[in-house]
Amino acid sequence: MLITIPLFSAVQFFQSYYFIRHTFRGAVTYDFFVAWSFHPLETITYIYPKFFGLIEGTYWGHSQFWLHSNYFGVIPILLAFVALFFLIKEKKVLFFTILAAIVLFLSYGGSNPLYKLLYHLPVISGFRNPARWLAFFAFSVITLAGIGFDFLLNYVNKNGKEAELKNYKIFKKI
């Protein structure tokens with residue numbers, strides 16, 4: 001996997017590397033590169049989507065106003081925590097947890113001090129909108145929610161009765 005993925009993506013990378021020299025993106029500024037960064041405080045909208053206001057002129061947040069919400073819902077967030085709480089030692093749960101943390105950190109763009117390192121990488125420096133990393137964040141959290149749901153479903157079905165698992169009663173009430 002470590003060899004085949006770079007080989008398959010090399011076709012696109014080298015074409016982009018050649019093409020970017022012939023466009024305005026070949027010499028973009030850092031301000032252009034971090035345009036549309038996701039401000040760290042905007043992470044609150046995953047729990048409470050109306051925290052920074054709405055489109056009717058009440059928006060007071062730090063990022064540019066977007067016409068979408070990053071809200072997952074309470075149930076997927078709780079199911080993702082089930083996966084984290086009960087299955088954190090499994091490789092896939094650990095992978096998606098680390099992926100979610102990394103891409104959320106990358107989506108902060110200009111607010112992230114390490115993001116400046118990406119600005120010096122060829123091809124990547126021609127792109128803007130660090131908030132696009134949030135698609136991978138959503139994918140990771142939703143995958144964790146699915147793993148958490150599968151765990152709860154299998155655990156209850158395996159026992160054939162109410163589970164006596166430590167801390168299971170917290171999630172049973174929902």
Side-chain angles (χ1 to χ4, degrees), residues 1-14 16-17 30 33-49 51-52 61-64 66 68-156 158 163 165-168 170-172 174:
M1 198 165 98
L2 292 174
I3 294 170
T4 56
I5 290 175
L7 284 177
F8 283 129
S9 57
V11 173
Q12 180 64 44
F13 178 78
F14 288 120
S16 298
Y17 182 72
Y30 183 72
F33 181 63
V34 296
W36 290 91
S37 293
F38 188 65
H39 195 277
L41 289 177
E42 296 279 336
T43 308
I44 295 169
T45 60
Y46 281 106
I47 298 168
Y48 181 55
F51 184 81
F52 289 107
H62 299 278
S63 299
Q64 297 89 341
W66 300 348
H68 70 278
S69 173
N70 295 320
Y71 181 63
F72 285 132
V74 175
I75 294 173
I77 290 173
L78 288 176
L79 289 171
F81 277 115
V82 166
L84 289 173
F85 195 69
F86 293 114
L87 304 169
I88 192 63
K89 293 183 180 180
E90 284 192 22
K91 288 181 182 179
K92 61 185 173 184
V93 173
L94 190 60
F95 171 78
F96 285 111
T97 302
I98 291 170
L99 179 64
I102 289 172
V103 296
L104 182 62
F105 189 62
L106 287 174
S107 72
Y108 295 152
S111 301
N112 176 352
L114 298 177
Y115 203 72
K116 204 165 213 163
L117 296 174
L118 289 178
Y119 177 66
H120 298 291
L121 293 177
V123 178
I124 295 175
S125 63
F127 297 107
R128 68 174 183 147
N129 195 353
R132 289 183 186 171
W133 291 106
L134 291 175
F136 294 106
F137 177 70
F139 176 76
S140 298
V141 172
I142 291 169
T143 302
L144 287 171
I147 292 169
F149 179 74
D150 187 55
F151 168 77
L152 288 179
L153 192 63
N154 287 335
Y155 190 81
V156 170
K158 187 186 341 179
L165 186 64
K166 178 183 173 187
N167 297 326
Y168 180 75
I170 297 170
F171 299 104
K172 183 180 86 167
I174 296 173

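These values consider heavy atoms only, across backbone and side chains, with no hydrogens, waters or symmetry-generated copies. Since we're looking at a predicted model, the values are computed, not measured. Nothing fancy with the numbering, it's 1 onward along the sequence.
- Among Phe105, Tyr46, Phe38, the single residue meeting the ring-ring contact (aromatic ring centres under 6.0 Å, His included) criterion with Phe137 is Tyr46.
- Between Trp133 and Phe136, the two ring planes are tilted [angle within 30° to 60°].
- In this structure, the side chains of Leu106 and Leu118 come closer than 4.5 Å at one or more pairs of heavy atoms.
- The closest donor-acceptor contact from the side chain of Ser37 to the backbone of Gly110 lies under 3.5 Å.
- Heavy atoms of other residues, nucleotides or ligands lying less than 6.0 angstrom from CD1 of Ile3 number 12 at most.
- Applying the side chain to side chain contact (heavy atoms under 4.5 Å, CB included) test to Phe8 and every residue at least two apart in sequence or in another chain returns Thr4.
- Here the OG1-NE2 distance, from Thr45 to His39, works out to 12.5 Å after rounding to the nearest 0.5 Å.
- The stretch residues 91-106 participates, sequence neighbours left out, in no side chain to side chain donor-acceptor pair (under 3.5 Å) pair at all.
- Taking the side chain as every heavy atom from C-beta outward, Leu104 and Leu134 approach each other to under 4.5 Å.
- The closest side-chain heavy-atom distance from Leu79 to Leu144 is not below 4.5 Å.
- A heavy-atom distance below 4.5 Å is not found between the side chains of Val82 and Leu78.
- With sequence neighbours left out, the side-chain hydrogen bond (donor to acceptor under 3.5 Å, both in side chains) criterion links Tyr108 to Thr43.
- Using the six-membered ring where Trp is involved, Phe86 and Phe151 have ring planes that are parallel, under 30° apart on the 30 and 60° scheme.
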